[in-house]
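One structure is given below, encoded as structure tokens.
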Amino acid sequence: MPEEFTFTANTGWYGYRVLDRRERATCYGVTWYHADCRAWVAEYPGDRPGSGIRIPGFASREWAARFLYRYRKPEPSGRP
């Protein structure tokens, strides 16, 4: 089954935004290469780039993007 995401350059910050192919306004997060640990990082969207939840250790940007696509960050319910 083909994945439903595509990559686009993340302007103003390094890495690639993972966007839905059908609805380009939907962003699953950002993937980027971490030079220190020599692995790709998946990062859920935050308030600004670099402020989201980082998950390091992927072998490629495709695997990092698949993780973001399949395990979307849950939205807060707003309930106490």
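The shown structure was predicted, so the numbers you read here are calculated from the model rather than taken from an experiment.
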Please output the side-chain donor-acceptor pairs of residues 35-42 that fall under 3.5 Å, not counting sequence neighbours, one pair per line with the distance.
none

Do you know which two heavy atoms are closest between [X] and [Y], and how far apart they sit?
{"X": "Val18", "Y": "Thr31", "value": "CG2-CG2, 3.9 Å"}
{"X": "Pro45", "Y": "Cys27", "value": "CG-O, 3.8 Å"}
{"X": "Tyr44", "Y": "Ile55", "value": "CE1-CD1, 3.7 Å"}

Would Arg70 count as a cation-pi partner of Phe67, with NZ or CZ less than 6.0 Å from the six-membered ring centre and within 45° of the ring normal?
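Relative to the ring axis of Phe67, which defines the angle, Arg70 lies outside at least one limit.
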Can you tell me how far apart OG1 (Thr26) and CZ (Arg72) are? Round to the nearest 0.5 Å.
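Here the interatomic distance stands at 8.5 Å.
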Distance from Tyr28 atom OH to Arg66 atom CZ, nearest 0.5 Å?
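Between atom OH of Tyr28 and atom CZ of Arg66 there are 14.5 Å.
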